[in-house]
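Written below as structure tokens is the structure these notes are about.
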Amino acid sequence: MALDNTPKRVFKVVGTRPPRPDGIDKVTGRALYGADVSAPGMLTAHILRSPHAHAEIVSIDTSAAEALSGVKAVVTAKDFAPQDDDFLMDVLDNCMARDKVLYDGHAVVAVAATNSAIAKAALKLIKVTYKALPHVTDVDAAMTLDAPVVQEGRSLETVPEGMSQNVTSHCEFGHGDLDAGFQKADVVVERSFTTAATHQGYIEPHACLASMTADGKADLWCCTQGQYNVRDLCSAALGMEGSQLRVTASEIGGGFGGKTTVFIEPVALALSRKAGRPVKIVMSRDEVFRATGPTVSSSIDVKIGMTRDGRITAGEAHLRYSGGAFPCGTVDMGAQAAFAAYDLQAVRTLGYNALTNRPKEAAYRAPGAPQAIYAVESVVDELCQQLGLDPLEVRLKNAARKGTRSSYGPTFEDIGLVATLEAAKAHPHYSAPLAEGQGRGLSAGFWFNFGGNTCVTLNVNTDGTVGVTEGNPDIGGSRAAISQMAAEELGIPYDKIRTIIADTSALGHNDVTDGSRVTFSVGLATIKAAQDAIAKMCSRAAQIWGIDEEAVVWKDGAAEPAGPNAGKFPPMSLAEIAAVSFNTGGPIAGHHEFNADGAGVSFGVHLVDVEVDKETGATKVLRYTVFQDAGKAVHPSYVEGQMQGGAVQGIGWALNEEYIYGEDGRLQNPGFLDYRVPVASDLPPIETVILEIPNPGHPYGVRGVGETPIVPPLAALSNAVSRAIGTRMSSLPMSPPRILKALSKG
Amino acid sequence: MKSIHVSTTVNGDAVEFICAPDESLLDVLRNRLGLTGAKEGCGTGDCGACSVTLNGRLVCSCLVLGAEAEGADVGTIEGLANGDALHQLQQSFIDHAALQCGICTPGILVAAKALLEKNPDPTDTEVRYWLAGNLCRCTGYDKIIHAVQDAAQKMRSA
């Protein structure tokens with residue numbers, strides 16, 4: 001590979017596939033998730049939710065519920081501290097409606113009782129008087145001037161004058177002269193696309209157990225992607241000091257971005273404060289669909305010009321996203337990511353976010369990028385079809401590479417797009433014959449990746465083992481990867497390491513598990529913490545040998561004299577140094593804290609073959625291959641797992657998944673029967689090809705891998721289906737009714 | 001509603017409990033017997049996270065009443081390993097990295113065991129259709145299919 005020419009470090013543990021440390025707990029049912037713990041005297045709470053898409057709350061009468069035997073506490077929005085900060089206020093207003101309900105499922109009142117049946121019975125005794133208001137759930141409709149206004153006064157100054165009050169933000173990225181670019185083109189294609197809102201679809205509903213005592217101290221157990229974030233949001237909502245709230249992250253049953261905020265946690269704390277007893281809340285699946293997640297819905301126009309030989313001369317995209325009933329910045333990321341795979345002279349993207357009467361958007365794996373790249377990659381594919389060009393060759397011809405000024409501003413460093421495209425071109429999948437009625441699609445994908453605030457402690461135990469304490473919930477095997485990097489750096493076996501995830505009182509702040517940041521940032525902090533411990537162990541050895549610290553080096557898990565001049569001593573292993581540490585200055589620990597930079601962007605390419613049943617409109621995925629640059633795959637099985645899992649979520653998004661709203665503004669499919677995520681029998685094997693173009697920002701070359709794989713499937717599937725049926729699809733999901741409609745027009 | 005007294009067998013052990021007439025077997029297992037390995041992902045029989053066996057038959061325990069367990073033989077994830085010795089399916093799931101978050105894993109293991117008892121040598125397609133009632137949102141199922149087939153092969157040659 002052209003870019004892959006740096007001398008490679010020889011790894012001993014990194015790149016192997018050891019068993020994950022939480023494996024046995026998870027295959028025996030012992031692992032404890034959000035809903036799996038109880039406390040003495042615990043109450044159970046349920047939440048009353050709005051049946052209206054948009055309504056004013058005229059009055060709430062909870063007296064009959066409070067009088068019911070077994071009911072111990074009732075809370076509404078009045079029980080939370082008002083916030084000066086708009087972001088915090090929105091999070092809190094989403095947890096419990098204040099004055100208005102903004103979507104079907106918006107929480108209004110919560111009741112804690114001695115058991116679940118009593119709490120549910122109490123909800124039926126609550127009288128809420130609503131004054132229904134006109135609603136809007138479609139993003140394009142919400143942007144018209146006569147649309148019902150979801151929230152007033154939320155537009156940022158960036159929004160051009162004369163737009164609907166529902167438009168909350170506007171962004172613009174790009175460079176070059178678009179008009180000149182389009183004039184150079186031989187063909188220009190301009191198309192409009194829509195994508196439905198989809199839910200992250202984690203199998204574990206949100207769950208928490210809160211316990212607050214009369215002295216204002218509280219403990220909170222919950223499934224979350226970030227316990228520190230939960231602590232900050234909840235302590236603000238409850239008006240308490242952060243140090244008084246200890247948050248422990250349970251094992252997490254999937255998140256995909258959807259567990260990066262709070263929904264029920266402040267409510268459980270408020271109920272516990274009022275009742276003076278522990279309170280548990282577990283959401284039902286109906287509540288998960290109606291009131292958490294989902295991703296944005298979108299409406300996008302794309303215009304691209306191309307020369308006869310496949311050079312893109314200009315690209316333009318207008319993105320209209322709705323993040324539901326609250327301001328949402330996801331469109332900015334879509335506008336930045338739209339053309340990231342291309343080296344362009346002229347490019348411009350404009351983005352708008354509009355309020356609708358839908359639940360508040362939560363991050364979903366590469367938030368904002370799949371929609372934008374779906375639209376761009378669909379138009380590139382159509383241009384290739386019109387000009388009779390090979391879609392992989394066209395992408396190679398226009399590919400972003402080292403030194404490319406990206407469409408969103410920064411100049412790329414070492415990136416793996418060209419290597420990934422070349423790997424796809426060389427793979428047998430790309431040249432395999434297709435039968436009549438089948439179609440092959442491909443798409444490139446991109447994600448920025450993130451570093452962020454990170455803090456790790458590494459304790460050297462006197463028996464020669466090592467404990468790593470980190471602060472990021474393990475969502476896909478990160479404890480294994482962190483242990484591997486600690487073992488690699490220290491030069492000791494993987495099974496001598498145990499990595500645990502700290503509660504908020506045990507370790508300094510860590511940003512949420514998001515942005516594909518954990519293996520990169522926590523790994524980097526672990527390597528630095530190991531180096532810190534190594535420096536201390538070298539110092540102890542120097543002390544024992546009576547030589548200078550600088551004359552000691554660390555090699556293969558042991559301290560040894562740097563050279564013959566330093567003195568002649570046999571190497572002293574980590575275990576030997578640790579065993580005598582109490583006599584040489586006390587316990588040995590390494591620590592590192594930083595705001596990590598240099599995450600390194602990520603590219604992937606997906607190839608898919610499909611067959612469409614023209615009678616039923618059903619699409620069968622026949623073959624699927626994922627190519628992705630991982631920088632360095634620390635645990636290749638879990639890298640493959642990210643690539644496969646992301647691809648399949650994308651397949652669901654492309655073919656079936658969508659939030660369906662009725663005329664009444666209510667969600668019509670809040671369950672797994674009607675919101676259909678892919679099942680095993682829907683899918684072929686997902687083949688994976690890992691490329692390793694080292695990230696210069698990490699000593700082992702690691703890049704985040706978790707988010708990029710959900711980006712390409714949308715366009716890859718749409719391009720495959722469009723080629724299979726001979727009609728260009730422009731709306732997701734491509735559910736059977738939509739395909740039949742396209743066929744009847746075709 | 002008057003509570004019901006139930007005598008049953010769970011993972012080979014005699015068990016007695018009292019439950020409400022409308023209480024699901026899943027709630028009994030989790031809230032009364034402390035067996036939290038079976039999970040509630042939906043409560044409507046769509047996700048399979050609560051899979052257990054009832055007299056050898058694979059069921060969603062969220063769709064079975066606790067009272068229906070009277071005199072029955074209930075098998076849960078907690079009974080899959082024999083003491084310290086993992087069942088081959090459990091070992092194969094670890095070896096093949098067939099779990100990420102792990103929330104669906106107990107249900108999938110119980111379902112896969114039921115499959116291999118009926119059909120020790122399934123095709124990949126048969127495994128995929130048998131497990132179609134067990135949702136996994138993390139893995140894309142690929143490594144799960146490999147793990148089940150690896151376990152099936154090892155169990156056949158054992």
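So that the names make sense, note that chain A is the first sequence line, chain B the second, and so on, each numbered from 1. Here the structure is a predicted model, which is why all the values come from computation and not from measurement.
Within the 3.5 Å criterion, the main-chain N or O of G41(B) finds a donor-acceptor partner in the side chain of R285(A). Judged by distance alone, the side chain of Q100(B) and the main-chain N or O of I475(A) form no donor-acceptor pair under 3.5 Å.
For E40(B), there are no salt bridge (Lys or Arg N to Asp or Glu O under 4.0 Å) partners, not counting sequence neighbours.
For chain B, the nearby part of V648(A) is the side chain; its heavy atoms alone come within less than 4.5 Å. Contacts of I252(A) with chain B are made by backbone atoms alone, with heavy-atom separations under 4.5 Å and no side-chain atom involved. Contact annotation for E251(A): neither backbone nor side-chain heavy atoms come within less than 4.5 Å of a heavy atom of chain B. Contact annotation for S284(A): neither backbone nor side-chain heavy atoms come within less than 4.5 Å of a heavy atom of chain B. For chain A, the nearby part of L109(B) is the side chain; its heavy atoms alone come within less than 4.5 Å. Only the backbone of P684(A) comes within less than 4.5 Å of a heavy atom of chain B; no side-chain atom from C-beta onward does. Of the two parts of L32(A), only the side chain, counted from C-beta on, holds a non-hydrogen atom closer than 4.5 Å to a non-hydrogen atom of chain B. Heavy-atom distances place both the backbone and the side chain of L135(B) under 4.5 Å from chain A. Both the backbone and the side chain of A132(B) come within contact range of chain A, with heavy atoms under 4.5 Å apart. Residue A31(A) touches chain B through its backbone alone, counting heavy-atom pairs closer than 4.5 Å.
The shortest non-hydrogen separation linking I94(B) to P19(A) is CG2-CB, 3.7 Å. The two residues I203(A) and C47(B) make their nearest non-hydrogen contact at CG2-SG, 4.4 Å. Annotation for C42(B) and F672(A): closest pair CB-CD1, 4.1 Å, computed over non-hydrogen atoms.
Once rounded to the nearest 0.5 Å, the distance linking CZ of R30(A) with OG1 of T36(B) reads 11.5 Å. Atoms CG and CG, on D36(A) and L35(B) in that order, are 11.0 Å from each other to the nearest 0.5 Å. Note that OG1 of T139(B) and CD of Q644(A) are 7.5 Å apart. Values are rounded to the nearest 0.5 Å.
With chain B as partner, the option from D474(A), V282(A), I24(A) having the largest number of non-hydrogen pairs under 4.5 angstrom is I24(A). The residue among V37(A), D682(A), L683(A), V679(A) with the most heavy atom pairs within less than 4.5 Å of chain B is V679(A). Heavy-atom pairs under 4.5 Å with chain B were tallied for G254(A), G477(A), G201(A); the largest tally goes to G201(A). If you tally non-hydrogen atom pairs under 4.5 Å between each of A97(B), G37(B), C101(B), G140(B) and chain A, the highest count goes to C101(B). Of the listed residues Q649(A), E204(A), H635(A), the one with more heavy-atom pairs under 4.5 angstrom with chain B than any other is Q649(A). Interface summary for chain B: among G253(A), S681(A), G476(A), the most heavy-atom pairs under 4.5 angstrom belong to S681(A).
For residues 19-31 of chain B, the interface with chain A (any heavy-atom pair closer than 4.5 Å) comprises R30(B), sorted by residue number. The contact list for residues 706-714 of chain A toward chain B, using heavy atoms and a distance under 4.5 Å, is empty. Heavy-atom neighbours of chain A within the stretch residues 110-129 of chain B, taken at a separation under 4.5 angstrom, comprise R128(B), Y129(B).
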Next on the checklist: For a salt bridge (charged side-chain N to carboxylate O under 4.0 Å, His left out) check, start with the C-alpha distance between R17(A) and D95(B), then their side-chain angles and the critical distance, and finish with the verdict.
Outcome noted: CA-CA 9 Å; R17(A) 302 174 188 243; D95(B) 294 344; over 6 Å; no
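Between K143(B) and E640(A) the shortest side-chain heavy-atom distance falls below 4.5 Å. For the pair P678(A)/R137(B), a side-chain contact is recorded, criterion being any heavy-atom separation below 4.5 Å from C-beta on. Side-chain contact between C138(B) and F256(A): present, with at least one pair of heavy atoms (C-beta onward) separated by less than 4.5 Å. In this structure, the side chains of I103(B) and K26(A) stay at 4.5 Å or more apart for every pair of heavy atoms. Counting only heavy atoms from C-beta outward, the side chains of L673(A) and T44(B) never approach each other to under 4.5 Å.
A 6.0 Å sphere centred on CZ of R57(B) holds no more than 12 heavy atoms belonging to other residues, nucleotides or ligands.
For the side chain to side chain contact (heavy atoms under 4.5 Å, CB included) with V27(A), the lone residue among I108(B), L89(B), T105(B) that qualifies is T105(B).
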